[in-house]
Number of protein chains: 2
Amino acid sequence: MNKKVTINDIALIANVAKSTVSRYLNGGSVSAHTRNKLDGIVKKYNYTPNTFAQSLKQQTNHTIGVIVPRLDSIAQSDMLRGLDELNIDDTFLIINVYQDAARELAAIEKLQSQNVSGLIILTANLTEEIRTVLQASKLPTVIQGQDEQGFNRVIMNDIQAGNIVGDYLKKLAPKNVLLLTVDPTLDYAVGHDRFVGIKSALNDIPYKEVITDFKLDIAKASAYQAMAAENFDLVIGASDRIVVGAMQSAFSLHQNPRYIGFGQSYFSETVTPNLTSFEFSFFEAGKALYRLFRKVRDNESLPIQRVVIAGELTIRDSTSMR
Amino acid sequence: MNKKVTINDIALIANVAKSTVSRYLNGGSVSAHTRNKLDGIVKKYNYTPNTFAQSLKQQTNHTIGVIVPRLDSIAQSDMLRGLDELNIDDTFLIINVYQDAARELAAIEKLQSQNVSGLIILTANLTEEIRTVLQASKLPTVIQGQDEQGFNRVIMNDIQAGNIVGDYLKKLAPKNVLLLTVDPTLDYAVGHDRFVGIKSALNDIPYKEVITDFKLDIAKASAYQAMAAENFDLVIGASDRIVVGAMQSAFSLHQNPRYIGFGQSYFSETVTPNLTSFEFSFFEAGKALYRLFRKVRDNESLPIQRVVIAGELTIRDSTSMR
DNA sequence: TTGTAAGCGTTATCAC
DNA sequence: GTGATAACGCTTACAA
């Protein structure tokens, strides 16, 4: 690495004390004369402060640790885009924890030891251990995903989503519905909240609920099993990907139900027929997360905040009448 | 932030000099006695060194800047996964530059001023300006994507890919082929290299080439225009996503050609029919990148390295005889 | 094996 | 308005 020019070098060249240079750099009072002199020199030597020294001195930095459960998901990258959108002088240190609680814990501890100035956690679920570690730390922290009491959080209004889908499905007047959900202990918002309104709308309509998984092949297999045993004219999946799995099974079984999914993904517009889907703007969620984070960071004594993001149902071909 | 315990605190508690503690921490020679004492204390007080102080002192750190052109791509996140896979004590500082050369340049400069210990750049194309900045810096740098002379690089063997697809398409004996390519000045490897072997295989077969874009809707429109004018029985797209666009256009035009794509994406297995596709393992590419990076970092005088990753053709339903 | 002391590049305090 | 000087937490000669 090339020897970087330091504040000392600048001071020497300008023939002033380094404290003067420091003041100059940080907007303290300096005479017009020295200011001019330094303007030139700093530009000429392309001086940039050493961030380590700054951080060491100031006992803080502008790095925010961002924990992502996975990166191969449009929802996640949209949230990250939302963070970037509003960011000016923070640095996001993104750690992918591959949906693994142990890695998540390790990541949090590593970030803490790296003295990040805060944590933004895009998570599906917090384990008890992680909850404890987070609460013990004094770091400003904001989470996304689950409605965790005791944490500053941005959540999706999954209850409302279920209600809206419930209202809509009544209009479709299905005869037999397949619900493909996920284990609520793994993801309560998705596995439970999203289906409250749906189930209540299905009050007098026959339906079958199958708990499956976010993974495409598992969802596909679950759907196949259910659809081979029984005929459905409407399939509702906890996520778009799950619905795609069901579509593939239906295809091989020569069945042709209607479909409703959740989430905003590649899928809704790339599969045929295009998917009717309840969509949340994760981009907006990302922006909300960052706004909330700043609020929390800049205000020590703020009570726990809870921000709720609404979504909307986008009707596409997969629920057209046939 | 809670006052973190420092090496000084540990030294005081243990009643030794802080240099002894430092030696203990860094595997220097310490007596069994002090070692035992320190073992306990360090554990008890949960001491972790202040990374700023370390970095400041050592004039380097274990952070590697990683520049990604986009994050909403399976190829990119697979490469990042490859990096993570092999990583032990480095920290990746991932910056998404949204396929924007200005952002990319800014990111590089910011990373340099943050004193990262190296750069891994997953890029589609380097601008002249970026090339200059990178070459001026002494940072160990590894790039991926294009076969840039003068840079340590990991590239995909797109020439070979085109040859293999060329060989295969001859067996399909198509009557009229649609090639959906991209602008080679924007991505030479994809826009040019991938199609060399294909075009030479199409030597005596009629074909039409249309230059389109990686974006789904643009590809869809381009394909529509071409397919509305003329009938094709085989469509080859520069990427899977482009092929998906073509599929949708074919669907609305009630045409039913065969398809070949490139890349390893969600698409190949979620669209119907599943896509025959030439696939590269971006996960392996990520691992190769990191291996190469370490080699470059740990060996000052290494000549420029060039690593080539091969891929393979996976035949699925979209080219089945009909 | 251990301790002393200097120094990494900053910022902040306090005389001048 | 300016300049010594100390301090942030750590590593490393060098001396003991």
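Lettering of chains follows the sequences in order, A, B, ..., and the numbering in each one begins at 1. Below, each value reflects all heavy atoms present in this structure, side chains not excepted, and no hydrogens, waters or symmetry copies. As the structure is a prediction and not an experimental result, all values here were calculated from the model.
- The A:S31 side chain lies nearest to D:dG1 when the options are C:dT2, C:dT10, D:dG1.
- In terms of heavy atoms, B:N152 sits closest to B:P303 at OD1-O, 4.0 Å.
- With rounding to whole Å, B:Y24 atom OH is found 17 Å from D:dT11 atom C1'.
- A:K37 has its side chain within reach of A:V16: a pair of non-hydrogen atoms, C-beta onward, lies under 4.5 Å apart.
- In this structure, the CG atom of A:N36 is 14 Å from the P atom of D:dG1, given to the nearest Å.
- Considering only heavy atoms from C-beta on, B:Q146 comes within 4.5 Å of B:D187 through its side chain.
- Nearest heavy atoms, B:V154 versus B:A285: CG1-O, 4.2 Å.
- When each of B:V16 and B:A53 is assigned the nucleotide of DNA chain C with its nearest heavy atom, B:V16 is the one assigned upstream, toward the 5' end.
- Under 4.0 angstrom from either OP1 or OP2 of C:dT11 there lies at least one side-chain N or O belonging to A:S22.
- Nearest-nucleotide positions on DNA chain C for A:F52 and B:N15 put B:N15 closer to the 5' end.
- Comparing atom distances between the B:I7 side chain and each of C:dT2, D:dC10, C:dG9 picks out D:dC10 as nearest.
- Distances shown here put a side-chain N or O of B:Q59 below 4.0 Å from the OP1 or OP2 atom of C:dG9.
- Proximity of A:D90 to A:Y290: side-chain heavy atoms (C-beta onward) are separated by under 4.5 Å at one or more points.
- Within the 4.5 Å cutoff, the side chain of A:F282 has no heavy atoms near those of the A:I309 side chain.
- Between the CG atom of B:L12 and the P atom of C:dG3 there is a distance of 12 Å, rounded to whole Å.
- At the phosphate of D:dC8, neither OP1 nor OP2 sits under 4.0 Å from any side-chain N or O atom of A:Q54.
- Looking at A:V116 and A:I64, their side chains never come closer than 4.5 Å, going by heavy atoms from C-beta outward.
- Look at A:N26 and you'll find a side-chain N or O under 4.0 angstrom from OP1 or OP2 of C:dT11.
- Per the geometry, CG belonging to A:L56 stands 9 Å off P belonging to D:dC10, to the nearest Å.
- If you take CZ of B:R23 and C1' of C:dT1, they are 7 Å apart, rounded to a whole angstrom.
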Below 3.5 Å between N/O atoms, which protein atoms pair up with nucleotides 4-6 of chain C? Just atom names and distances, please.
from, atom 1, to, atom 2, distance (Å)
C:dT4, O4, B:S19, OG, 2.9

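- The separation between B:L25 atom CG and D:dT12 atom P is 12 Å, rounded to whole Å.
- The CG atom of B:N61 sits 14 Å away from the C1' atom of C:dC8 (whole-angstrom rounding).
- Side-chain nitrogen and oxygen atoms of A:Y47 include at least one within less than 4.0 Å of the OP1 or OP2 phosphate oxygen of C:dT10.
- Residue contacts for A:S55: at a heavy-atom cut-off of 4.0 Å it reaches no nucleic acid atom on any strand shown.
- One interatomic measurement links the two molecules: CD of B:Q114 to P of C:dG9, which rounds to 18 Å at whole-angstrom precision.
- One finds a salt bridge joining B:R81 and B:D78 here, because a Lys/Arg side-chain nitrogen approaches an Asp/Glu carboxylate oxygen to under 4.0 Å.
- Applying the 3.5 Å distance criterion, the base of D:dG1 shares no donor-acceptor pair with the side chain of A:R35.
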